Amino acid sequence: MEFLAFLVTQCLNALSQAALLFFLGCGLTLIFGIMRIVNFAHGAFFMLGAYVGYSTVHWTGSFWIALIVAPILVGGFGAAFELGILRRLYGRDGHAFLMVTFGLTLIMGEVIRLIWGVEALQVKPPAGLSDIVFILDEPFPVYRLFLVGSGIVVALLIWQFLERTRLGLLIRATSQNAEMVYALGTDVRLVRSAVFGIGCGLAGIGGVMAAPLVTASLGMAPNAVIDTFVIVIIGGMGSFAGSLIGAILVAFVQVFGTYYFPDFALAFMYLIMVTVLVVRPGGLLGKEA
Amino acid sequence: MTGSSGVSRRTLLGVTLASPVVLRHALGDEPIKIGMPCALTGPAGEVGEQMRRGAEFWIKSVNAKGGLLGRPIQLFAQDTAGDPATCVRKAQDAVERDGCRLLFGMTLSSEALAVVPKLADWNAIFMSSDNGDGRLTGSSFVPNFFRANTSGPMGTRAVALYLRTAGFKNFCALGMDYAWGHNSIGVFKDEVKKSGKNFIADIYSPIGTQDFSTYITKIRQSGADACYLVLQGDDNNAFLSQAQQYRLGDKVQLLTEIVDLNSIHAVGDAAIGLIGGSRYTFTFPGDANAQFVAAWQKEYGVVPDVFEGEQWQACQMLQAGIEKAGSIDADKLRPALETVEIDSIKGKVAMRACDHQAVQRGFMVKVVRKEGFKDPIPELIATFPADQITPACRQMTYDT
């Protein structure tokens, strides 16, 4: 394999991985920015997305419908959870949220096991995306290019949403000073529900997108949630751009680290995290130290 | 999944409720009680479920024909969650509380190794249907333990013998980065060198790896024409799915230790072309297997998987021994089992007295797509004679 071809395909591999990490990290960081809580159940919402995606593909035969249905259902479930349970806890300290969202992870895992069973489930990429293209004579899956493209599109959409829409404005305002927004006559509680729903919906999209790569399985949640925490910590809790940078950084380090220093592949990711925490305790783009 | 478990629950009811009441009156004799502590939940839960289904199916068919020695069979299946300490406790319950003198189950080798030292005290015979650890018929051998199944070393042996005849020259290996991955690849490396071929690279991925793109690039770059995989569960499914997306199979033949229907079901067409060892698959030739598969399909609506077949063979072996001994008393059953020989679903299988390992053939299969099946299926591509597959008595390694 030529070095140039190697470099290009590895970069694309890293970007496709970054896209998946971004779907997770972006939702987690949005939720933290608004609510100041760490959603431990984020990996479980990601997993739920994959399973809902599997069932949608199974019943409708269309991956595209799954990409629409899964985030709506998962996001709706997230918003309902915020309305029904989390909302009652805002007066309490952070431990309450950790316990409740961690408990939710366990419950969702068991419910998914009861509904879908213990076996891993296959989700095929849609017909047009299951082919390969040759990049500098190296075969490369079209589906991975689709992941890269989706990552870019979703990042642009969220950025525009936060910058240009009224709800985006409210979200930014609430993350800076919730009391002031409330005093100005906006129901901050609704903004919180919406953000929690959107964050979970993004995890749901990530789950559907990841399913053709890793199958829908009960191991998804714990595997995903650790990487997600790392990128959010590196990027800065609550920072949208930070989660994007964190995702790209972690993905590139994993892909090239695994290639050149296989024995330290896992360590590199945490090494970056530790370095960032020492130099900039709030994360690369975080506000608080 | 839901359909088959519904059936098995009904079967269980039939076995545990109907047989003691109805058959005892009909036959006027005490039931033969078999304890089966196995991992029905946890990581090995699917294997344990298969073992239980295999045993239930056998008991149902035996009881329908009037029982064994004129006595109905009753099964006491209990969940151990794959924990050795729990397994010992559940086995003790089966023996002391339920009065079982025969045992099946112990899904994991760690569970079996914890139970076998107690068998003499309990005066109970344990017929294993899935334990892989070579020590059970080696350094940890006890007289009341019998292994009807293909052991781990025997499975690896089949793959090794296949390598000698197959046309591949350069090998690499990808394994999970812990004891099992390193051990298996170590054995494989030796076998490759013994057969005079080249071993180029060993690659290890951390447990829980989600993205295998870099590993696929490495395998492709290594220049190997075959790659041995020591992956399981989610890691295995993720690797096979992604390898197919990169069309890795066009360039490199993928080999693996065990091919089972579960992982094929999880990745579908991505498993096509995979070559591996097989302890049992429903496509094995022979009348005994054809009859078993047909009866199984009639009962459950699906074909039997690896450990359902292995459990059936263990049951056949125990049945032949009990019929020969005319008793389930350990002192009479043990010598009878030591010389038992059956026409099994895997062909002729004979127990040997020196280490209680069932002598049987080894098989290699290739995953192919066949008309009439929803998922790809394993097709037999090579069979190796029993005397080459089974190690010397109480040994785990092979001289040649």
Side-chain angles (χ1 to χ4, degrees), chain A residues 1 5-6 9-10 12-18 20-21 113-125 129-132 134 138-144 147 210-220 222-224 226-227 251 254-260 262-263 265-267 269, chain B residues 1-2 4-5 40-49 174 177 201-218 220-223 233-248 250-251 260-271 305 375:
Chain A
M1 194 186 292
F6 163 75
T9 51
Q10 286 298 87
L12 286 170
N13 279 331
L15 285 174
S16 66
Q17 202 180 337
L20 288 178
L21 289 173
R113 196 174 63 83
L114 287 174
I115 296 177
W116 282 280
V118 290
E119 289 171 38
L121 300 170
Q122 182 203 4
V123 179
K124 283 185 196 167
L129 301 181
S130 53
D131 291 334
I132 44 169
F134 283 87
E138 283 302 318
F140 196 82
V142 176
Y143 187 73
R144 292 228 175 210
L147 287 181
L213 295 186
V214 298
T215 70
S217 68
L218 293 168
M220 284 177 93
N223 285 341
I226 297 171
D227 288 356
Q254 279 191 342
V255 164
F256 284 95
T258 304
Y259 188 84
Y260 287 109
D263 291 344
L266 278 182
M269 192 169 85
Chain B
M1 193 62 211
T2 18
S4 66
S5 72
L40 300 174
T41 57
E46 177 55 29
V47 174
E49 282 288 357
L174 171 66
D177 200 359
D202 47 351
I203 306 165
Y204 299 95
S205 60
I207 300 171
T209 297
Q210 305 242 33
D211 188 293
F212 278 95
S213 56
T214 308
Y215 300 99
I216 291 168
T217 305
K218 282 192 153 193
R220 190 186 285 282
Q221 286 183 341
S222 73
D234 293 346
D235 296 52
N236 189 46
N237 296 338
F239 175 80
L240 289 177
S241 301
Q242 293 170 34
Q244 192 232 10
Q245 286 163 11
Y246 283 89
R247 305 291 189 272
L248 183 64
D250 294 353
K251 200 174 166 187
D260 69 352
L261 298 182
N262 256 332
S263 56
I264 295 179
H265 180 71
V267 301
D269 288 350
D305 204 346
D375 289 316

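Values below: all heavy atoms of this structure, side chains included; hydrogens, waters and symmetry mates excluded. What you see is a predicted model; the values in this text were computed from it and never measured. First the proteins, then the strands, lettered A, B, ... as listed; each starts at 1.
From A/Thr9, atom OG1 reaches atom CD1 of B/Ile216 across 11.5 Å, with rounding to the nearest 0.5 Å.
Side chain of B/Gln242 to backbone of B/Gln210: a donor-acceptor contact under 3.5 angstrom is found.
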Practice item. Might you work through the side-chain hydrogen bond (donor to acceptor under 3.5 Å, both in side chains) test for A/Asn13 and B/Tyr246, ending with a clear yes or no? Key: CA-CA 11 Å; A/Asn13 279 331; B/Tyr246 283 89; 2.3 Å; yes

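Looking only at heavy-atom pairs under 4.5 Å with chain B, the residue among A/Ala14, A/Pro212, A/Ser16 that has the most is A/Pro212. Chain A forms more heavy-atom pairs under 4.5 Å with one residue of B/Leu240, B/Asp250, B/Asn262, B/Ile203 than with any other, namely B/Asn262. The candidate with the highest count of non-hydrogen atom pairs below 4.5 Å against chain B, out of A/Asp263, A/Ile132, A/Val255, A/Leu213, is A/Leu213. Across A/Leu218, A/Asp227, A/Val214, the residue that shares the most heavy-atom pairs under 4.5 angstrom with chain B is A/Val214.
Between B/Ser205 and B/Phe212, the shortest heavy-atom distance links the atoms OG-CE2, 3.6 Å. Taking each heavy atom of A/Arg144 and B/Asp211 in turn, the nearest pair found is NH1-OD2, 2.8 Å. Closest approach of A/Gln122 to B/Ala266, counting heavy atoms only: CB-O, 2.9 Å.
Using a 4.5 Å cut-off between heavy atoms, A/Ser130 touches chain B through its backbone atoms (N, CA, C, O) alone. Contacts between B/Phe239 and chain A at a heavy-atom distance below 4.5 Å are absent for every atom of the residue. The parts of A/Asp131 that come within reach of chain B are both its backbone and its side chain, each placing non-hydrogen atoms under 4.5 angstrom from that chain. With a threshold of 4.5 angstrom between heavy atoms, A/Arg113 does not approach chain B through any atom at all. For chain A, no part of B/Asp235 is nearby; none of its heavy atoms comes within less than 4.5 Å.
Under 3.5 Å, the side chains of A/Gln10 and B/Thr217 contain a donor-acceptor pair of N or O atoms.
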